[in-house]
Amino acid sequence: MFTIGDFARHGRVSARMLRHYDAIGLLRPQHTDAFTGYRYYSAVQLDRLNRIVALKDLGFTLQQVQEILEDKVTPEELRGMLKLRQVELEEAMSVAAARLAQVEARLRSIESEGRMPTQDVVIKTLPAVRIAELSAVAASYAPEHIGPVISPLYDELFTRLKAAGVTPIGPGVAYYEDAPEGDGTILVHAGCTVAAGAADGQNFEIVDLPAVERAATIVHRGPMDTIMPTEQNLARWIDAGGHVSVGYAREVYLECPPDKQKWVTELQVPLA
């Protein structure tokens, strides 16, 4: 038998928490001294304590925890619930990390206000290119709306290309346009350069992007979450030079290693 202090240490909880669990009937001591009121616990009760803490971490209220425990949740069922919560937390962390990256990108843009861009901008002609693509609609052109749409599109595109026996011959190319509904949504096109033409049974589109006579281009190094300062530097350069941009920037993914910090992307903005 353990005193409440020893049991709290073994269970990695506070004695105050154990007293509360006792008060609400969630985890009673194995024995309570009738004269001193001291509480004593057994090692077997660690199993119940672990379940209580795990279910609390899943977001259940103590009342819900009690109801679940009374229904005798099996270790397999509890493990499944914990796995589900783990996935939810990982997704939340991923969203938070992306949002933090976007905030940092905004801050860098603010810090660069009034400065001329230091990155090289090159005006060049873009040749026509054939791409295989998948498309979907994003709520807006904001990074938090584009990212969750374009990443799954590329995952699915490469799966379909492999199944069709089509091998990309060049970099990925993404481009954007206003959705026809005119409600501010964006049509996202995720593509990659191919040589093959359209064929029966293909579950992706083959599109020939026309040549662009003049485009202002700039190279961004790093993940797409941090592209905003580069994109705005390009916009400042276009404006300072008296140029007129036409439509959304095209993104050409020159290098995409597993480490996104090493990504190299060229932004291409058509000029009037």
Side-chain angles (χ1 to χ4, degrees), residues 97-129 131 133 135 137-151 154 170-180 182-193 207-257 259-272:
R99 185 174 294 117
L100 178 60
Q102 291 157 20
V103 169
E104 292 173 344
R106 289 282 183 186
L107 287 174
R108 283 195 293 273
S109 294
I110 292 171
E111 290 167 355
S112 66
E113 289 176 358
R115 306 176 191 170
M116 285 302 293
T118 56
Q119 294 162 290
D120 290 334
V121 176
V122 178
I123 291 182
K124 59 185 179 182
T125 298
L126 306 180
V129 60
I131 64 171
E133 71 167 47
S135 303
V137 175
S140 79
Y141 193 52
E144 62 267 24
H145 292 149
I146 296 296
V149 172
I150 197 168
S151 294
Y154 269 111
V173 179
Y175 65 101
Y176 309 89
E177 56 185 328
D178 294 324
D183 56 359
T185 56
I186 301 296
L187 193 55
V188 179
H189 302 271
C192 62
T193 311
V207 176
D208 289 314
L209 296 180
V212 175
E213 185 177 346
R214 294 174 69 247
T217 66
I218 192 171
V219 172
H220 170 73
R221 300 181 185 278
M224 297 302 292
D225 289 338
T226 64
I227 202 168
M228 193 176 302
T230 302
E231 194 163 21
Q232 293 188 358
N233 279 342
L234 181 57
R236 292 188 182 96
W237 186 94
I238 291 171
D239 186 60
H243 303 286
V244 178
S245 59
V246 181
Y248 295 92
R250 186 184 297 178
E251 299 165 359
V252 179
Y253 307 114
L254 301 175
E255 296 178 22
C256 297
D259 183 357
K260 292 185 178 182
Q261 297 297 327
K262 296 180 181 179
W263 278 25
V264 179
T265 306
E266 183 177 76
L267 293 179
Q268 302 172 340
V269 176
L271 300 177

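None of the values given here were measured: they were computed from a predicted structure.
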Visitor: Side-chain contact, heavy-atom cut-off 4.5 Å: Leu267 with Glu251?
Guide: yes

Visitor: Minimum heavy-atom separation for Ala174 and Ile150, please, with both atom names.
Guide: CB-CD1, 3.7 Å

Visitor: Ignoring hydrogens, what is the shortest heavy-atom contact between Val269 and Ser245? Give both atom names and the distance.
Guide: CG1-CB, 3.5 Å

Visitor: Does one side chain, of His189 or Ser135, offer a donor that lies under 3.5 Å from an acceptor on the other?
Guide: yes

Visitor: Out of curiosity, Glu231 CD to Thr226 OG1, how far, rounded to the nearest 0.5 Å?
Guide: 11.5 Å

Visitor: Measure the shortest side-chain to side-chain distance between Thr217 and Val121 over non-hydrogen atoms and say whether it is less than 4.5 angstrom.
Guide: no

Visitor: Please report the shortest heavy-atom distance between Ala138 and Ile146, naming the atom on each side.
Guide: CB-CD1, 3.9 Å

Visitor: Can you confirm whether Thr193 sits close enough to Pro171 that some side-chain heavy atom of one is under 4.5 Å from a side-chain heavy atom of the other?
Guide: yes

Visitor: Output the distance between atom CD (Glu177) and atom CG (Leu187), rounded to the nearest 0.5 Å.
Guide: 5.0 Å

Visitor: Mind checking the NE2-CD1 spacing from His220 to Ile227? Nearest 0.5 Å is all I need.
Guide: 5.0 Å

Visitor: Report the distance from atom CD1 of Ile123 to atom CD of Gln268, rounding to the nearest 0.5 Å.
Guide: 13.0 Å

Visitor: State, with a plain yes or no, whether a side-chain heavy atom of Pro223 is found less than 4.5 Å away from one of Trp263.
Guide: no

Visitor: Testing the basics here: between Ile218 and Asp120, what is the closest heavy-atom pair and its distance to 0.1 Å?
Guide: CG1-O, 3.6 Å

Visitor: If the threshold is 4.0 Å, N to carboxylate O, is there a salt bridge linking Glu213 and Lys124?
Guide: no

Visitor: Excluding sequence neighbours, so at least two apart, what forms ring-ring contact (aromatic ring centres under 6.0 Å, His included) with Tyr253?
Guide: Tyr154

Visitor: Would you please indicate if the ring centroids of Trp237 and His243 are separated by under 6.0 Å?
Guide: yes

Visitor: Tell me, with the steps shown, if Val137 and Val188 meet side-chain contact (heavy atoms from CB on, under 4.5 Å).
Guide: CA-CA 6 Å; Val137 175; Val188 179; over 6 Å; no

Visitor: Between Ile238 and Leu271, is any pair of side-chain heavy atoms under 4.5 Å apart?
Guide: yes

Visitor: In sequence, state the C-alpha distance, the side-chain angles, and the governing distance for Thr265 and Val252, and then conclude on side-chain contact (heavy atoms from CB on, under 4.5 Å).
Guide: CA-CA 6 Å; Thr265 306; Val252 179; 5.9 Å; no

Visitor: Ring centroids only, cut at 6.0 angstrom: are Tyr175 and Tyr248 within range, meaning strictly under it?
Guide: no

Visitor: Kindly indicate whether the side chain of Thr230, heavy atoms from C-beta on, has any atom under 4.5 Å from the side chain of Arg221.
Guide: no

Visitor: Identify the heavy atoms of Ala272 and Arg214 that sit nearest to each other, and give their distance.
Guide: O-NH1, 3.3 Å

